[in-house]
Amino acid sequence: MEEENQLVQIRLQKLQQLRELGLDPFAIERYETTHTLDAVQEQFEALENQTVSVAGRIVAIRKMGKATFAHLMDTTGKLQIYLKADEMGERYDLIDLWDLGDYLGVKGFVFRTRTGEITVHVQEFTLLAKAVRPVPFPKEKGDQRWYELHDVEQRYRQRYLDLLLNPDSRQRLLARCRIVSEMRRFLDAEGFIEVETPVLQPMAGGAAARPFVTYHNALDREFQLRIALELYLKRLLIGGIDKVYEIGRVFRNEGISTRHNPEFTMMELYQAYANLEDIMDLVERMFRTIAERVFGRTTFELHGVQIDLAKPWERIRLMDAIQQHTGLTEADFETLERAVLSAEKVGIHVERKDTIGGIIEKVLEKCVAEHLQQPTFIYGFPIDTSPLAKREPNNPRFTRRFEGYLFGKEVANAFSELNDPLEQRDRFEQQYALRQAGDEEAHPYDEDFLIAMEHGMPPAGGLGVGIDRMAMLLTGAESIRDVIFFPQMREG
RNA sequence: GAGCCGGUAGCUCAGCGGUAGAGCAACGGACUUUUAAUCCGUGGGUCGAGGGUUCAAAUCCCUCCCGGCUCACCA
């Protein structure tokens, strides 16, 4: 702590004075409260003139000589308190040792002031903890606030300040928590079992991404941090857990942007005996239920676009969507040469490592996605970018895979899962060839997983949802950092 | 990785070659129902870091650090 900071010095001196008076706030362990701050407001009729005991942080003080008003804040809200000098005796002078940000417990009776504000008339108080560093609480009047914490860097690095000072940030981040919690509740009610699978993996698979690598001393070997949940959840499906899901952190060693954080949260689920259409229905139900429970509505607006999650999602075949928005047809992607030409025709830069499927997905991202504002399932993904999905029976270049889009952004990815171990082996071999050709993000060849599948995997539908992006879309966040409490930052 | 913008008091910002400013917060004083309380007064800064140009740099130039946005990369 920088000793020279005058504001800190003054607060430390106040702490010292409190200690000399035998009122060390940091010696306090508990404080008995009867009500939360919003409960006092809500139950005013019953509580008027009754004694209550409440606690919170001091967020405003107005001392007017022999009378003082202050506001306390807790998780639930704010409440005004009132102190009178002639009732407090010499204890009244202790108010001078309070600062914004300190924690205060008070006991007193509830009344309404002349101007109508519900207030606790304090008879006893205890300073419960001191903020020795200033907390810049803003001035407030109604919904207006002055001098908020604007500095974006500080809001991310010192999120506790952002949460205290910016109600919008607080609501957005708490909404994310509730989305996760309601997703659990929904899936549990649907009969899914929640599990936990390894984060440290010998070989991170299940997605196309570069992993973080770490080292285990005792085993003297490297491990990778997982990039997806898929392959271990499928092992559990093989193990007889017919409806299984996990909500967990995955790690991808890639760039940071407004839509990418190196660690983010995925929900993946697998349901035996279910196919792609069953999963589409599940996604519709899940998004609708979460919206209703977290936000109390199914309509959302972003950048002027309105959507309603109570309505069924549109279902469009990928190649039809591409044709609709670019005029390119399936024949235009028949061979790699034609696919490259077609992509360049619509202004897409193709890399050497791109496969036909990779090019098709680029066309989807660059030319089609922005048009998928309304809830939409795009299905029929190319085989070479979907090595874990079943083939379409009459169109073997494509798979039984869909992505769900909201506001032009992908929020869900699902397949009828490939359960043929012979074909899975072939698919891994194709990925291996891509890797040999220089594609660092090709799926790894996971022999242990193949052996598991050879023991028999049921037909199943699977789903992955990026929780962070889902939270962004439902809360209208522009950056993924606004829905992650502690986003990744460079060393400051 | 590239381009643009930014970093000045605890917070929000102004100043953009001539001795560092405002509001809020803090400190002292007045004030017994205030609520952006009010009124009077006071203190507070390595102007992101380092180098350069200049009689003189927060200000101009260079390098670096941190952040934001856009693009690239990436589910």
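Sequence lines set the chain letters: A, B, ... in the order given, protein chains first and strands last, and positions in each chain run from 1.
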When only distance counts, do a donor and an acceptor, one from the side chain of A/Gln80 and one from the base of B/rU34, lie under 3.5 Å apart?
yes
Distance test, side-chain N/O of [X] to OP1/OP2 of [N], below 4.0 Å:
X	N	answer
A/Gln154	B/rC11	yes
A/Arg114	B/rU34	yes
A/Arg490	B/rC65	no
A/Lys141	B/rA36	yes

Considering only the [atom1] atoms, how many Å lie between [N] and [M], rounded to the nearest integer?
N	M	atom1	answer
B/rG21	B/rU70	P	38 Å
B/rC61	B/rC11	P	27 Å
B/rC4	B/rC60	P	16 Å
B/rA2	B/rG44	C1'	42 Å
B/rG52	B/rG45	C1'	24 Å

Which is true for [X] with a 4.0 Å heavy-atom rule: it touches a base, it touches only sugar-phosphate, or it touches nothing?
X	answer
A/Glu140	sugar-phosphate
A/Asp151	sugar-phosphate
A/Tyr156	sugar-phosphate
A/Tyr92	nothing
A/Lys14	sugar-phosphate

Which of residues 58-68 of chain A have a heavy atom under 4.0 Å from RNA chain B?
A/Arg62, A/Lys63, A/Met64, A/Gly65, A/Lys66, A/Ala67
Would [X] and [Y] pass as an ion pair if we require N to O under 4.0 Å?
X	Y	value
A/Glu117	A/Lys78	no
A/Arg210	A/Glu440	yes
A/Lys234	A/Glu417	yes

Begin from the C-alpha positions of A/Leu37 and A/Leu72 and carry the test side chain to side chain contact (heavy atoms under 4.5 Å, CB included) through to its verdict.
CA-CA 8 Å; A/Leu37 299 182; A/Leu72 299 184; 4.0 Å; yes
Taking the side chain of [X] as heavy atoms from C-beta outward, which of [options] is closest to it?
X	options	value
A/His150	B/rC74, B/rA26, B/rC13	B/rC13
A/Glu117	B/rU32, B/rG10, B/rU34	B/rU34
A/Phe69	B/rG67, B/rC74, B/rU33	B/rU33
A/Pro136	B/rG10, B/rU12, B/rC27	B/rG10
A/Lys139	B/rC24, B/rC11, B/rU33	B/rC24
A/Lys84	B/rU32, B/rA26, B/rC66	B/rU32
A/Pro134	B/rG10, B/rC69, B/rC27	B/rG10
A/Tyr82	B/rU32, B/rU12, B/rA26	B/rU32
A/His260	B/rC74, B/rU34, B/rA25	B/rC74

Applying side chain to side chain donor-acceptor pair (under 3.5 Å), which residue pairs with at least one partner in residues 369-383 of chain A are found, sequence neighbours left out?
A/His325-A/His371
Let me check I have this right: for RNA chain B, each base becomes ., (, ), [, ] or |, based on Watson-Crick or G-U pairs with both distances under 3.5 Å. What is the full string?
((((((((.[[[[.)..(..]]]].(((((.......))))).....[[[[[..)....]]]]])))))))....
Do the rings of A/Trp313 and A/Phe377 sit parallel, tilted or perpendicular, given the 30° and 60° boundaries?
parallel
Kindly assign one of parallel, tilted or perpendicular to the pair A/His121 and A/Tyr82, based on the angle between their ring planes and the thresholds 30° and 60°.
perpendicular
